[in-house]
2 protein chains.
Amino acid sequence: MNEYTDTALQITKSWNAYQAACPTRLMLNRIADKWTVLVLGLLALETKRFSLLQREIGGISQKMLTQTLRGLERDGLVLRTVYPEVPPRVEYSITPLGQTLVGLLAELRRWSETHIEAVLQAQQAYDQQAHAATDQEISGIRRIRF
Amino acid sequence: MNEYTDTALQITKSWNAYQAACPTRLMLNRIADKWTVLVLGLLALETKRFSLLQREIGGISQKMLTQTLRGLERDGLVLRTVYPEVPPRVEYSITPLGQTLVGLLAELRRWSETHIEAVLQAQQAYDQQAHAATDQEISGIRRIRF
DNA sequence: CTGTATCCTAATCGATACTG
DNA sequence: CAGTATCGATTAGGATACAG
């Protein structure tokens, strides 16, 4: 058991992200995508078109935005609507499934904003110790730099 | 304003992940790391040593585990403790800062497990439409496959 | 405007070998 | 045991050109 077979309607939710082949890994990777949080965060507020999304997300290339949106669409988190006009207009909106995720993603952004200072400080401390010290400072002898 | 200067003690929290240079992007990327969720999820339960972590996380290579742990340590989310024994024993534990994140990460895993079926289904539907159809189905004319 | 296609570079990652 | 170092393969990603 605990396999990921195609057995339809199997009740036993045997998902376990700690196993290499578990498909929930794919979802974690999608959520974990560099741009997903930002794209979904914007679409959670309102339907937007391609060019506006690109303008509002600093540093994203056209290629990456396209790629991210395609992925989100394929995963059922975003709906793509093409209006047959010239010039073409394409609008992206969030789906109900996508909506179930936005709260979580907002919390991630909030966590980052709240704790970034602590993290940056930790990084500085880490980098300063240089970590060439080979671990005898555990015994109470603190290494002195230079 | 809204710059990321070094001005110490500046109160105005001007973080905005939608700007390319915002350091909170780094945090999002760390959280978004393929392995972070899994590693921190285990360490949230109890202190563990290297080899055990690797055994419990299916598919992670030694290199990636090392790399992930170093990053987490540098960010102040994980504490690395070396016991000067032979053979060496190294234990990894979660820090208070790391603790503030585990609830969120657990929710991510839970979301993935809860919605993976809907996502897989959406993917199937998406793949089946093949998306060679160039958008005239918007007008009500549904394309028929083959 | 909203893409796709191509080229090219840089980063990622696994596998393997080796060290204290 | 817990790594580091190195190599090669794959992938991610930016830049550019171009199409509908």
Side-chain angles (χ1 to χ4, degrees), chain A residues 20-21 25-26 28-30 32-36 38-39 42-43 47-74 78-93 130-139, chain B residues 20-21 25-26 28-30 32-36 38-39 42-43 47-74 78-93 130-139:
Chain A
R25 281 269 183 95
L26 298 176
L28 283 177
N29 291 347
R30 158 103 274 129
D33 182 83
K34 191 177 181 184
W35 303 111
T36 293
L38 299 176
V39 170
L42 286 179
L43 296 183
T47 294
K48 285 182 196 292
R49 44 198 300 191
F50 189 90
S51 52
L52 187 56
L53 282 171
Q54 190 172 15
R55 249 175 291 133
E56 292 188 332
I57 302 176
I60 194 169
S61 68
Q62 188 181 52
K63 181 181 175 180
M64 281 302 101
L65 181 54
T66 302
Q67 198 168 299
T68 303
L69 287 168
R70 287 294 170 281
L72 290 171
E73 187 194 2
R74 190 173 103 99
V78 157
L79 180 69
R80 178 172 178 266
T81 312
V82 182
Y83 296 93
E85 305 169 351
V86 274
R89 181 163 55 102
V90 180
E91 286 191 344
Y92 293 92
S93 57
H131 282 256
T134 18
D135 307 325
Q136 56 228 40
E137 62 269 25
I138 278 277
S139 52
Chain B
R25 281 269 183 95
L26 299 175
L28 282 177
N29 291 347
R30 158 106 270 123
D33 183 83
K34 192 178 180 184
W35 302 112
T36 293
L38 299 176
V39 170
L42 286 178
L43 296 183
T47 294
K48 285 182 198 293
R49 44 199 298 190
F50 189 89
S51 53
L52 187 56
L53 282 171
Q54 189 173 15
R55 250 174 292 132
E56 293 187 332
I57 301 175
I60 195 171
S61 68
Q62 187 181 51
K63 180 182 176 182
M64 281 302 100
L65 182 53
T66 301
Q67 198 169 298
T68 303
L69 287 168
R70 288 293 171 283
L72 290 171
E73 187 194 3
R74 191 173 103 100
V78 156
L79 180 68
R80 177 171 178 268
T81 311
V82 182
Y83 297 94
E85 306 169 355
V86 274
R89 181 162 55 103
V90 180
E91 286 191 342
Y92 293 92
S93 57
H131 283 255
T134 18
D135 307 323
Q136 57 229 39
E137 62 269 26
I138 279 277
S139 54

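No hydrogens, no waters, no symmetry mates; every other heavy atom, side chains included, goes into these values. Lettering follows sequence order; numbering is per chain, from 1.
Considering only side-chain atoms of Ser51(A), the nucleotide from dG13(D), dC1(C), dC13(C) that sits closest is dC1(C). The listed nucleotides are dA2(D), dT4(D), dG14(D); the one nearest the side chain of Phe50(B) is dA2(D). Set against dA2(D), dG14(C), dT2(C), the side chain of Arg49(A) has dT2(C) as its closest nucleotide. Nearest to the side chain of Thr66(B), among dT4(D), dC1(C), dG3(C), sits dT4(D).
Contact annotation for Glu85(B): no contact, since no heavy-atom pair falls under 4.0 Å across all strands.
Salt bridge Glu56(B)/Lys48(B): present, at least one basic N to carboxylate O contact under 4.0 Å.
Atom pair Trp35(B):CH2 and dG14(C):P shows a separation of 6 Å (rounding to whole Å applied). Atom CD in Glu91(B) sits about 14 Å away from atom P in dC1(D), given to the nearest Å. Protein atom CE of Met64(B) is 11 Å distant from nucleotide atom P of dA15(C), rounded to whole Å. Distance, Tyr83(B) OH to dA2(D) P: 12 Å, rounded to whole Å. Rounded to whole Å, the distance from CG on Leu65(B) to P on dC13(C) is 13 Å. In this structure, the NZ atom of Lys34(B) is 12 Å from the C1' atom of dT10(D), given to the nearest Å. Between Leu52(A) atom CG and dC1(C) atom C1' the separation is 13 Å, expressed in whole Å. In this structure, Gln67(B) atom CD and dA2(D) atom C1' are separated by 16 Å, rounded to whole Å.
Taking the side chain as every heavy atom from C-beta outward, Thr81(A) and Val90(A) never approach each other to under 4.5 Å. A heavy-atom distance below 4.5 Å is not found between the side chains of Lys34(B) and Thr68(B).
An OP1 or OP2 oxygen of dG3(D) is reached within less than 4.0 angstrom by a side-chain nitrogen or oxygen of Tyr92(B). Note on Arg80(B): a side-chain N or O is less than 4.0 Å away from OP1 or OP2 of dG3(D).
Ranked by how close their nearest DNA chain D nucleotide is to the 5' end, Pro88(A) and Asp33(A) are led by Asp33(A). Where Lys63(A) and Pro87(A) each meet DNA chain C at their nearest nucleotide, the meeting point lying more 5' is that of Pro87(A).
Between the side chain of Gln62(A) and the base of dG3(C), at least one donor-acceptor pair of N or O atoms lies under 3.5 Å.
Atom CZ in Arg49(B) sits 8.5 Å away from atom CG in Leu52(B) (nearest 0.5 Å).
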- [ ] Could you please spell out the steps behind the side chain to side chain contact (heavy atoms under 4.5 Å, CB included) verdict for Leu69(A) and Arg80(A)?
- [x] CA-CA 8 Å; Leu69(A) 287 168; Arg80(A) 178 172 178 266; over 6 Å; no
